[in-house]
Each structure stands twice: as C-alpha cells, then as structure tokens.
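Heads up, the thing below is written out as structure tokens.
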Number of protein chains: 2
Amino acid sequence: MGKTTMADVAKKAGVSKSTVSQFLNERYEYMSPDTRIRIEAAIDELNYQPNYLARSLKQKRTSTVGIIVANIMHQFSTEVSRSVEDYFNKHNMHAIVCNADNDPEKEKKYIEMLRAKQVDGLIIFPTAQNADIYKNMIKEEYPVVFMDRKVPDLQAPTVVSQNIEATYSAIQHFIDNGHERIAIATEPLTISPRIERHEGYKKALHANGIKINPEFQISTSIDKIKKELDRLFQLDAPPTAILAGNDIVFIEVLEFAKEKKLEVGESFALVVFDNIPFAHFVHPPVTTIAQSAYMMGEKAADLLLKQINKEQIDRHEVSFPCELIIRDSSKRLKEK
Amino acid sequence: MGKTTMADVAKKAGVSKSTVSQFLNERYEYMSPDTRIRIEAAIDELNYQPNYLARSLKQKRTSTVGIIVANIMHQFSTEVSRSVEDYFNKHNMHAIVCNADNDPEKEKKYIEMLRAKQVDGLIIFPTAQNADIYKNMIKEEYPVVFMDRKVPDLQAPTVVSQNIEATYSAIQHFIDNGHERIAIATEPLTISPRIERHEGYKKALHANGIKINPEFQISTSIDKIKKELDRLFQLDAPPTAILAGNDIVFIEVLEFAKEKKLEVGESFALVVFDNIPFAHFVHPPVTTIAQSAYMMGEKAADLLLKQINKEQIDRHEVSFPCELIIRDSSKRLKEK
DNA sequence: TTGTAAGCGTTATCAT
DNA sequence: ATGATAACGCTTACAA
C-alpha cells in the first residue's frame with residue numbers, strides 16, 4: 001500500500017518518528033547500529049515510500065523547476081529543454097516543461113500554476129508580453145532565467161544566441177558567393193531574436209555597400225510567408241538568396257519551392273537559422289546556422305540552480321555564438 | 001512576497017482561514033457578499049498565491065501525472081508526450097516527462113521518484129525489465145497506463161500500434177512492386193513492437209510464398225546496424241528492399257547509403273516504420289508507416305484519468321492502426 | 001453564514 | 001542516542 005507512513009515505520013521499529021526521519025536523511029551519526037537495522041527492516045517490510053510532498057511543505061523546497069517554452073514546435077526549444085532536464089536530473093531535481101504556445105495568457109497561467117506548485121525556479125522563453133509579471137518575479141528575487149529572447153527594460157539573467165553576428169556571417173557568406181539580391185524571412189518582429197536577425201542582415205548588406213531593398217525583408221506570420229515569397233518571386237529582379245529566420249519558416253520555404261517547382265540551391269540559395277535534425281539528408285543538404293542549444297540549456301540551468309542556492313550571479317545576458325554550417329543549398333551563384 | 005499565507009489573508013479580511021478557503025474553492029453559496037468582497041480585496045492587496053503543495057498534501061491529489069518514455073530520441077515518444085500534456089493541460093493538470101533512456105535502473109528510479117512526489121498516475125513506455133514493479137503497481141491499483149510496448153504476463157491497460165498488420169502491409173507493398181529480396185532491420189528483439197514487426201514481416205513473405213531468408217533479418221544494436229547492412233550488401237543476392245524498424249535505424253540506413261554511395265530508392269527501396277518530420281523533404285521522399293501518436297497519447301491520457309477518478313476501464317490492450325504513406329523511396333523496382 | 005480545531009506526512013527544535 | 005511536540009499551509013467536519 002502506498003499509504004504506509006513514517007508513523008507506521010516508527011511503530012513497527014519501536015522508535016519515534018523523529019528517529020525514522022533521522023535515518024531517512026542519512027544522519028546516522030548518533031544512531032545505534034541496532035535501531036538503524038530495526039528501522040531498515042521495518043521500512044522494507046512495510047515497503048515504505050516517503051512522501052516528498054510533506055517533506056517539501058516543511059522544507060519549502062520541491063526540488064522541481066519549471067520550463068515554459070514559447071513554442072514547443074521549434075527544434076531549438078526541444079533541445080534546450082532536454083538539456084535543462086538532463087542538468088537537473090543530474091542534481092536530483094525534476095523539470096516540468098510547459099508550452100505557452102506563443103500565447104501570453106497561457107504563459108501567465110503557467111507561471112502562476114508552477115509557482116503555486118512551489119517549483120524552486122523557472123526558465124522562461126518569454127512571450128515578452130507579461131512585463132509586469134516578469135518584473136515582479138525579479139523584484140521578489142524569485143529564481144528565474146530567461147531564454148532565447150531578451151525582455152526590454154528588464155535586468156534579469158538571460159541566455160541568448162548571438163543573433164546579429166550569426167546573421168551577419170550568413171549574409172556575408174551569400175555575398176561572398178556572388179549574391180546581391182538577398183531576402184530574409186522571419187515571423188513578425190515582436191521579439192528580440194527576430195529583430196536582431198533583421199539587424200544583422202542590414203548590417204551585412206550595408207558593410208558590403210549593397211543597398212537595402214525593403215521589399216526583400218519579410219516579417220509576417222507563418223500562414224502568410226508563402227504569399228510573401230510569391231510576391232518576391234514575381235518581381236522583375238527576384239532574390240537569388242534567402243535566409244529563413246527559423247525552422248518553421250524553413251518548412252514554408254520548402255513547401256513554397258515545391259509548389260512553384262523551384263529548386264532549392266538552384267533557383268535560389270538558402271540558409272536556415274536553426275538546427276534542423278535532418279539537415280544533411282534534405283535535398284539539397286541545407287546550410288544552417290546552428291545555435292548552441294545544449295550549452296545554452298546547461299548555462300540557464302546553472303544560473304537557475306545558483307539562484308536557488310542563493311549564490312550570487314550576474315544579472316545580465318550571456319550570449320552564445322552560433323555556427324554557420326555550410327552545405328549544398330548555399331553554393332556559389334550560378335553564372336547567368 | 002511569496003510568503004503570504006491564507007492566515008494573512010484571513011487576518012486582513014477579518015475572517016477565519018476556513019472562510020478564505022471556502023472562497024478559494026468557489027463555494028460562495030453561503031457567503032455574504034460583504035465578506036466575499038473583503039476577502040477578494042485582501043487577496044489582491046497582499047498579492048496572495050495559494051500553496052498547492054499544502055492543498056495536495058491534504059487532498060491526497062497533486063493534479064500531476066508522470067510520463068516515463070523509454071527513449072526521448074524517438075519522434076514518436078515526443079509526439080505522444082505532447083499529446084498527453086495537451087490532454088492533461090485541458091483538464092488543469094500537469095505532466096512531468098522523464099526519459100528512462102532505455103535503462104531499467106533509471107526507469108525504476110523515476111517510478112519511485114514520481115510516486116514519492118505523489119503524482120496521481122503514470123504513463124510508461126516500459127523497458128519491460130521491471131516486471132515486479134509494474135505488477136506491484138497494478139496490484140495496488142495505482143493508476144498506470146503502458147504505452148507502445150506490451151509487458152508479458154501483465155494484465156494492464158496498454159496502448160499500442162498494430163505492428164504486425166502495419167508491417168505486413170508494408171512488406172506487401174514491396175512485393176506488389178516486384179521485390180522479393182526484402183530485408184528488415186530493427187534493434188534487438190527485447191520488446192514487443194520489434195518482435196511484432198519481425199512477425200508481420202515473416203507473415204507477409206509467407207503469405208506470398210516467398211521463402212524467408214534469415215540473413216535478411218537484422219536485429220541488433222544501433223551501433224552495429226551499419227555493419228550488418230554492409231554484410232547484406234556483400235551477398236551475391238543482396239536485398240532490393242529494406243524496412244527500417246524505426247526512425248533511429250532509418251538514420252543509420254541513410255548514413256550507410258551515403259557512405260557506400262548507394263541511392264535510396266534506386267539501389268534499394270526503403271520504408272521506415274515511424275513518423276519522420278521531414279519525410280517528404282528528404283531525398284528521395286521516404287515512404288513511412290505513420291503511427292497515430294497523437295490519438296494514442298490521448299487514449300492513454302484518457303485511460304489514466306479515468307483510473308485516477310476511480311472510473312471503471314478495460315484492463316486490456318487497445319491498439320491503433322498505422323498508415324502506410326507511400327512516397328518515392330519505395331517505387332516500383334527497376335527492371336534489371 | 002462563519003469559526004474552531006484536527007489532520008495531511010514530514011522536519012526541526014529542544015529536551016531527556 | 002532518541003523522543004515530544006510544534007510547525008509547514010491548507011481542507012474539512014462539525015459547532016456555533
């Protein structure tokens with residue numbers, strides 16, 4: 001029965017609850033070997049399982065943290081979550097993953113629920129729409145780490161990718177391969193990574209003396225991406241290269257190409273900002289900007305655990321470099 | 001502060017804790033509108049957040065369930081987990097996902113930890129190596145549902161795919177396209193789905209009067225798959241078609257083909273048993289046997305919730321059909 | 001309609 | 001070395 005309690009064990013072993021508790025917490029320094037053995041026996045005779053809930057209530061620590069991802073459909077989110085889980089499991093803690101689905105209301109609900117469950121801390125991919133709640137957590141010094149996205153005007157531990165630099169180098173790669181008409185496609189510019197990717201894009205073009213064509217900058221919701229691409233390819237001078245702003249946009253680009261019978265890597269060069277599991281098996285193998293998902297997860301977990309343990313940490317952003325992995329989709333532009 | 005408690009609210013509102021509790025549980029039937037308002041005011045003045053831990057301790061219900069997947073690297077596990085989470089979120093419950101990593105020891109540890117945390121029930125992709133523990137949970141009538149794999153000699157609610165039938169139809173598809181030398185590659189035959197897939201394979205060959213060549217049946221650990229494939233292709237009469245037993249085996253097949261400069265769909269036909277996210281973008285688009293991951297997750301969640309609510313359920317397997325999605329990798333065999 | 005008090009299964013403090 | 005006893009923050013009879 002799951003209902004055997006510490007009191008039962010105590011009775012069976014002929015000792016008090018406190019002694020059993022001592023035993024369970026491995027403080028057998030001042031315990032006679034005799035009682036120790038009796039308790040041990042009682043425990044597995046009764047098949048006793050301690051109730052962590054009760055312990056947590058008393059100790060004010062659940063050994064559980066929450067992860068709230070903005071959109072679980074991104075490979076990146078999955079990899080980061082996995083990494084965070086691994087980290088906490090190594091430290092005998094649990095992680096609960098929740099998917100806010102890019103919905104600020106859901107995000108709010110999850111923050112409240114997880115805190116009501118007394119999780120020891122939170123790692124959040126913020127929708128960035130709940131500024132008051134974030135601020136409040138920081139003010140209370142509740143352990144929290146933000147991931148992937150910077151929240152404006154908030155001084156909080158945050159782990160992000162070097163989006164500007166990474167995008168810059170991808171665009172430079174296009175230019176080095178002879179491209180000049182380069183497009184970028186992201187979801188709407190509501191969060192920092194997207195903004196920064198556009199920024200890196202413009203910076204690179206500028207540095208190379210290529211004038212920026214606003215028509216080549218797409219930033220719209222997923223369901224409108226294909227329409228925008230279509231518009232682009234109707235132009236007299238369509239782009240010869242495209243940077244897909246994340247893995248979901250990438251799917252749209254692929255589908256667009258398929259529908260319009262365009263050949264990725266032939267009709268246009270392509271780089272994707274994100275880790276793609278089958279990148280070297282898609283046709284053609286696709287050039288990607290890989291984020292250091294695993295390391296970022298570890299870093300965030302580490303920052304969180306330090307806060308939980310009341311250790312001092314830097315309340316600033318820490319940013320990780322990305323890696324441009326060149327495959328066939330972004331080969332040299334064909335001479336016309 | 002997160003430390004405001006019900007008592008603080010009660011004091012501030014000038015009522016007793018019980019009344020506040022009534023309020024929180026929305027039992028305002030017999031509550032004067034006056035006190036109701038005072039409590040409301042006190043709550044948001046103090047920014048009070050209830051402590052679910054304490055409540056759970058009292059109610060013996062945490063509104064949390066655990067999911068223990070055998071190997072998180074499978075797309076299928078991820079999809080099922082997502083579906084289970086969705087289901088429980090709809091019911092205002094949480095799900096904690098743990099990865100046993102195909103290790104019975106880890107599985108055991110997670111079962112114990114989650115139960116110690118008093119989760120209301122468990123969905124397990126069993127390693128099938130902890131028979132005593134499974135049996136014990138069933139005996140105790142602890143709510144549990146097994147997923148993907150049948151545990152021998154255990155009468156327990158279990159949600160699985162129709163592996164035999166699905167494999168049969170894939171092999172039949174090969175045969176219909178003129179193949180006779182058909183191989184199957186799975187991980188070791190330690191769990192029911194793999195055994196059943198081999199069974200469906202043999203059944204289909206048998207039904208078509210093709211004699212079974214044991215050399216064509218690979219069942220070995222991932223790191224040895226490529227070696228076995230190599231052996232196969234050294235034969236005088238190598239296979240012309242391969243069924244990859246899951247998504248991880250599929251990767252090995254792809255890498256093998258790449259290394260040996262074999263063309264999938266040309267040098268040999270290929271079907272993969274599993275959902276592949278980029279199936280129609282790999283080259284060539286690959287024929288898959290898709291499992292009903294989302295529905296299976298829902299079903300399992302439903303069976304679990306019913307048990308939690310002490311409703312009666314069938315303690316048997318429920319099996320879901322798979323869908324053979326034919327793409328280019330398994331086209332008709334080229335005439336020689 | 002609201003309050004009192006016991007109890008959920010632990011841990012922590014202080015005696016002994 | 002071990003035991004009483006009071007918390008932890010909530011729910012729930014039952015009383016008022």
Side-chain angles (χ1 to χ4, degrees), chain A residues 1-40 42-43 46-64 112-120, chain B residues 1-40 42-43 46-64 112-120:
Chain A
M1 304 295 272
K3 41 171 42 186
T4 38
T5 163
M6 226 175 62
D8 302 326
V9 176
K11 193 168 355 148
K12 181 127 207 160
V15 297
S16 78
K17 285 196 298 174
S18 347
T19 311
V20 177
S21 178
Q22 297 297 116
F23 173 88
L24 288 173
N25 293 293
E26 310 189 8
R27 304 200 55 73
Y28 355 72
E29 351 216 306
Y30 306 108
M31 196 180 311
S32 76
D34 183 62
T35 51
R36 180 172 156 177
I37 288 170
R38 286 213 315 283
I39 294 177
E40 236 157 10
I43 284 182
L46 297 172
N47 188 22
Y48 165 70
Q49 303 287 149
N51 180 334
Y52 284 10
L53 221 55
R55 173 208 285 223
S56 296
L57 178 59
K58 183 69 191 179
Q59 291 187 159
K60 296 164 170 296
R61 201 184 206 269
T62 53
S63 300
T64 303
E112 283 170 359
M113 269 197 131
L114 289 168
R115 291 201 59 183
K117 285 202 172 170
Q118 312 298 113
V119 298
D120 297 335
Chain B
M1 304 293 273
K3 41 172 41 186
T4 38
T5 163
M6 227 175 62
D8 302 326
V9 176
K11 200 182 328 165
K12 182 128 208 158
V15 297
S16 79
K17 284 196 300 173
S18 4
T19 312
V20 178
S21 176
Q22 298 296 123
F23 174 87
L24 288 173
N25 293 293
E26 310 189 10
R27 302 200 53 74
Y28 357 72
E29 350 215 308
Y30 306 107
M31 197 179 309
S32 75
D34 183 62
T35 51
R36 182 174 156 174
I37 289 168
R38 286 214 315 283
I39 294 176
E40 236 156 10
I43 284 182
L46 297 172
N47 188 22
Y48 165 71
Q49 302 286 149
N51 181 332
Y52 283 11
L53 222 55
R55 171 208 283 222
S56 296
L57 180 58
K58 181 69 190 177
Q59 291 188 157
K60 296 164 169 299
R61 205 186 204 266
T62 53
S63 300
T64 302
E112 283 169 359
M113 271 197 131
L114 289 168
R115 293 202 58 182
K117 286 202 170 169
Q118 312 301 112
V119 298
D120 297 335

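Order of the sequence lines sets the chain letters (A, B, ...), proteins ahead of strands, with each chain counted from 1. Hydrogens, waters and symmetry mates play no part in the numbers below; they use all other heavy atoms, side chains included.
One can place CG of B/L57 at 8 Å from C1' of C/dT10, the figure rounded to the nearest angstrom. In this structure, A/R27 places its CZ atom 11 Å from P of C/dT13, rounding to the nearest Å. Rounded to an integer number of Å, the gap from CZ of B/F23 to P of D/dC10 is 14 Å. Rounded to an integer number of Å, the gap from CD1 of A/I39 to P of C/dT10 is 14 Å. The nearest whole Å value for the distance from the CE atom in A/M6 to the P atom in C/dG9 is 11 Å. Regarding A/K117, its NZ atom lies at a distance of 16 Å from the P atom of D/dC10, rounded to whole Å. Atom CG of B/L53 is separated from atom P of D/dG9 by 10 Å (rounded to the nearest Å). Between the P atom of C/dA12 and the NZ atom of A/K58 lies a distance of 7 Å, rounded to the nearest Å.
Using a 4.5 Å heavy-atom cutoff, the side chains of B/T64 and A/K117 are in contact. The closest side-chain heavy-atom distance from B/N25 to B/R55 is below 4.5 Å. For the pair B/Q22 and B/M31, the minimum side-chain heavy-atom distance is below 4.5 Å. The closest side-chain heavy-atom distance from B/I43 to B/F23 is below 4.5 Å.
Taking CG from B/L53 and CD from B/Q118, the interatomic distance works out to 10.5 Å, rounded to the nearest 0.5 Å. Taken from OG1 in B/T19 to CG in B/L24, the straight-line distance is 11.0 Å, to the nearest 0.5 Å. To the nearest 0.5 Å, atom CG of residue A/D120 and atom OG of residue A/S56 are 8.0 Å apart.
Salt-bridge check for B/D34 with B/R38: passed, with a basic side-chain N closer than 4.0 Å to an acidic carboxylate O.
Considering only side-chain atoms of B/S21, the nucleotide from D/dG9, C/dT10, D/dT12 that sits closest is D/dT12.
A stem is defined here as three or more consecutive Watson-Crick or G-U pairs, each with both distances under 3.5 Å; for DNA chain D these stems are C:1-16 with D:1-16.
If you check every strand for non-hydrogen atoms under 4.0 Å, B/Y48 touches sugar and phosphate atoms only.
For the pair A/N51 and C/dC8, the criterion of a side-chain N or O lying under 4.0 Å from OP1 or OP2 is not met. Within the 4.0 Å cut-off from OP1 or OP2 of D/dC8, not a single side-chain nitrogen or oxygen of B/Y52 is found. For the OP1/OP2 pair of C/dG9 and a distance below 4.0 Å, the side-chain nitrogens and oxygens of B/K60 include at least one atom meeting the criterion. Side-chain N/O atoms of B/T5 include none lying less than 4.0 angstrom from OP1 or OP2 on D/dC8.
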Interface polar pairs with nucleotides 2-5 of chain C, N/O, under 3.5 angstrom:
residue, atom, partner, partner atom, Å
C/dT2, OP1, B/S32, OG, 2.9
C/dT2, OP1, B/T35, OG1, 3.1
C/dT2, OP2, B/S32, N, 3.0
C/dT2, OP2, B/T35, OG1, 3.0
C/dG3, OP2, B/S16, N, 2.8
C/dG3, OP2, B/S16, OG, 3.3
C/dG3, OP2, B/T19, OG1, 2.8
C/dT4, O4, B/S18, OG, 2.7

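Scanning all heavy atoms of the two residues, the minimum distance from B/A7 to B/K17 falls at CA-CG, 4.0 Å.
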